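Taking it in order: structure first as structure tokens, then the write-up.
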4 protein chains.
Amino acid sequence: MAVTSRERVRAAAVKLFAAKGFHGTGIRDLAQEAELSSASLYHYMGTKEDLLVEIMTTALRRLVDAARQAVDEATGPADRVRALVALHVLAHALRPAETRVVDNEVDALSDEPRDRVVRLRDDYEKLWSDAIEEGVAAGVFHTTHPAVTRLALLEMCNGVARWYSPRGPLPLDQLAGHYTELALRALGCACPAGVSGSRREREIVAKVWGVPV
Amino acid sequence: MAVTSRERVRAAAVKLFAAKGFHGTGIRDLAQEAELSSASLYHYMGTKEDLLVEIMTTALRRLVDAARQAVDEATGPADRVRALVALHVLAHALRPAETRVVDNEVDALSDEPRDRVVRLRDDYEKLWSDAIEEGVAAGVFHTTHPAVTRLALLEMCNGVARWYSPRGPLPLDQLAGHYTELALRALGCACPAGVSGSRREREIVAKVWGVPV
Amino acid sequence: MAVTSRERVRAAAVKLFAAKGFHGTGIRDLAQEAELSSASLYHYMGTKEDLLVEIMTTALRRLVDAARQAVDEATGPADRVRALVALHVLAHALRPAETRVVDNEVDALSDEPRDRVVRLRDDYEKLWSDAIEEGVAAGVFHTTHPAVTRLALLEMCNGVARWYSPRGPLPLDQLAGHYTELALRALGCACPAGVSGSRREREIVAKVWGVPV
Amino acid sequence: MAVTSRERVRAAAVKLFAAKGFHGTGIRDLAQEAELSSASLYHYMGTKEDLLVEIMTTALRRLVDAARQAVDEATGPADRVRALVALHVLAHALRPAETRVVDNEVDALSDEPRDRVVRLRDDYEKLWSDAIEEGVAAGVFHTTHPAVTRLALLEMCNGVARWYSPRGPLPLDQLAGHYTELALRALGCACPAGVSGSRREREIVAKVWGVPV
DNA sequence: TATGAATGAGGGTTCATTCAT
DNA sequence: CATGAATGAACCCTCATTCAT
């Protein structure tokens, strides 16, 4: 059950990149947080940027995997958006550090890895636009600028990683439910009453992120 | 109507802090962008952090001023929220650099200036919470967690600064109108149809930011 | 008549690269020798390698310039070789540091600058092979492998930079004369008696290197 | 006839020290070349410098041993110099890596081992000066500065290690013969015609270096 | 025999900042 | 007003080396 040095390095990077930004985090900060010498860090990583890339791609791949699964299981566009929102919010609430890094540090990447990361993010957002457009086509959603709405909803949900605290008054499932309601309302959906909870998405998050949620 | 060096320095900082972050921007980058030597910069600024503080407080003060004015002129909670959203979106669309700095670089500040900035931001958000709570009390809005809703809407609108382009297909007033609609819907307001446009907010933005909008 | 910092940096590099090799010389060594902080070095140089490249190309260009001039003025192959040898020996005796860097540190260069340096060296050696081949064709020299002989003679003369001391017993002109004799003998030239001294080459060296020789 | 790890380490060091210099070669480079981990290297060597010392002293001892043998067998000063030159050239042509390390990396040694190495080199050069001075005394050689001539000839022959390739057009014995001729001519010896080939020296080299030459 | 883990020291380079001119 | 010169501290990263396994 030992925590390996490798894991400590990664955890330190996630924590500090989220808290102080990539450029605001020094190698010595990472070393101190990981309880290693700065030279030892380099047994477990390539460059500092490699570490960032690994964190971002892993996080994004998990998000994509989870979202694909949730979308596949959902029935109809409303439920699909509900699932996407719930998943996104839960992921941001439970993994705020990783998700903040993903949301804030894209500009810190150099060209090649940024392209790769952006491509992954595009894959993810495609799931959202498909669901939204499908709902619009089906007459379930009513929004004049679906692409803008998608961006607005995504940003709205991203914010959760910035302020949510598990020690706060709002239980996770209510948080997810609230955001789901906000999103579906914003989409002009008459359906909020009929949509289910977010139990299934919690399972997916727990499984994909491999933690006891 | 010459542009002073002081203005060029400030503009350079706004642009680069927005694009690469405070820690990602070097004094030499600023100097190059401002077409000055790095030593000359120090005739127009204190430390690099002073520059950041000045940018953030100015931007926030303008936002607060504009918002107060808009709120004062508005009639009823729905119109108040509409005005706040429109103003916020317009400001983020027209001043994406300043607003991105405000939204992303708070963590780069040291304790004392951060407190001041956070206090300003709290002043601003207070206008939002007041409007929302008033609407809830009046039975115009229906949301179970007004505070969460406020955060969600603010983040949603912040996103505009990340992607809006004046060269895109969406005119500014439609952008503002769309976000207004999303927000009021999310608030469970039956009123969207009855709310006016965003002409008045454009005037305020133009005046407060002192630019031909 | 002040010595500028820039000159001190260059002089330090020439001295230390010659004494300890490029890889054996640290930036901090250079700084100490130049009586500057290591950060200040970077006002006067690009990278450490840039400094090496500049030293090598300057030295080689001077050698080529001087040699071309000497060759042009010389009369006949024997005198041409005599002039080349005398010039080479004088340059290596008077500028041992620069010439040792040129002779020993080519491998320390990365691909692109190495190619440039090698091309310059080839230009220089071409003057030698032309003179030798001309002499062979004219029946003045007798050597079965002119190319090998050229390499042998060049290496022979390079050695001067490794051991010659102005405080030693051998005056410069005798040094040059001796090497001239060795070279012409090795070339199977019956002429040594008839060739002049090295006064003209000393003038050229003095002029090209810009020093009171 | 397996190649031991110890031998692989030594061979790697010889190759890399010759190609990139002592300071230009890292422990990790050696490990990679020897196909071992960098920690494992230390089973077969002391410090990196110990490795260099061992390589240099071995090479120099072999050179001294071979030269002594060649000198003992030679008859008269001309044949003695011929043998020394042939041996030196053959050794440098066949063992370019070792000889380049000996010729170029003396400055990389710290004081104590450098003294030892220099002493060995002096032993070797003594054989040359003895032969030359003997020849001068006997009236066989004619050179006004025998010590300078010795240095010139040694450097001339060292150069072979820098450029000779067994895949080139010049057979080894002709190479040796050519350098022999150059040397004896430079020494003002009327004898070149009468001197024998370099077969015996090839045998010595083969035996002392323990390889199929 | 062999290596993964670990590190203090140092590598080259850039940082934000000051100051004399 | 403007800057070249200058620097201590820090940057990311690699160095040669040790040691428990």
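By convention in this document, chain letters (A, B, ...) are assigned in the order of the sequence lines, proteins followed by strands, and residues within each chain are numbered from 1. Source: prediction; values computed, not measured.
- Side-chain nitrogen and oxygen atoms of Ser40(B) include none within less than 4.0 Å of the OP1 or OP2 phosphate oxygen of dA2(F).
- Contact of Arg28(A) with dA10(F) (side chain to base): no donor-acceptor pair of N or O atoms is detected under 3.5 Å.
- Between Ser5(D) and dA2(E) there is a side-chain polar atom (N or O) within less than 4.0 angstrom of OP1 or OP2.
- Ion pair Asp111(A)/Arg114(A) flagged as a salt bridge, since at least one NZ, NE, NH1 or NH2 atom sits closer than 4.0 Å to an Asp/Glu carboxylate oxygen.
- Nearest-nucleotide assignment on DNA chain E puts the 5′-proximal partner with Leu36(A), out of Thr25(C) and Leu36(A).
- In this structure, Leu41(D) places its CG atom 10 Å from P of dT3(E), rounding to the nearest Å.
- Spacing between atom CD of Glu49(D) and atom P of dT17(F) amounts to 9 Å, rounded to whole angstrom units.
- Under the rule for a side-chain contact (heavy atoms from CB on, under 4.5 Å), the partners of Leu63(A) that lie at least two apart in sequence or sit in another chain are Ala91(A), Tyr124(A), Trp209(A).
- Of the options Arg28(A), Arg8(A), Lys15(A), a side chain to side chain donor-acceptor pair (under 3.5 Å) to Glu33(A) is made by Lys15(A) and by none of the others.
- The CE atom of Met45(C) sits 9 Å away from the P atom of dG12(E) (whole-angstrom rounding).
- Between Asp29(C) atom CG and dG11(E) atom C1' there is a gap of 11 Å when expressed in whole angstrom units.
- Asp103(C) and Arg162(D) are not joined by a salt bridge, as no carboxylate oxygen comes within less than 4.0 angstrom of a charged side-chain nitrogen.
- Across all strands shown, Thr4(B) has no heavy atoms under 4.0 Å from either base or sugar-phosphate atoms.
- The distance from atom CD of Gln32(B) to atom C1' of dT14(E) is 15 Å, rounded to the nearest whole Å.
- Using a 4.0 Å heavy-atom criterion, one finds that Ser38(A) contacts the bases of the nucleic acid, with or without backbone contacts as well.
- The separation between Lys48(C) atom NZ and dT14(F) atom P is 15 Å, rounded to whole Å.
- The side chain of Ala39(D) lies closest to dT3(E), out of dT3(E), dC19(E), dT14(F).
- dT7(F) and dA16(E) make up a base pair, with Watson-Crick or G-U wobble contacts both under 3.5 Å.
- Computed from coordinates, the His43(B) NE2 to dA16(E) P distance equals 18 Å when rounded to whole Å.
- To the nearest 0.5 Å, atoms OG1 (Thr57(D)) and CZ (Arg119(D)) are separated by 12.5 Å.
- Checking dA2(E) for Watson-Crick or G-U wobble geometry (two distances, each under 3.5 Å) identifies dT21(F) as its partner.
- Taking the side chain of Tyr44(B) as heavy atoms from C-beta on, and the options dA2(E), dA2(F), dT17(E), the nearest nucleotide is dA2(F).
- Computed from coordinates, the Asp50(B) CG to dT17(E) C1' distance equals 12 Å when rounded to whole Å.
- When each of Gly46(D) and Thr47(A) is assigned the nucleotide of DNA chain F bearing its nearest heavy atom, the one mapping closer to the 5' terminus is Thr47(A).
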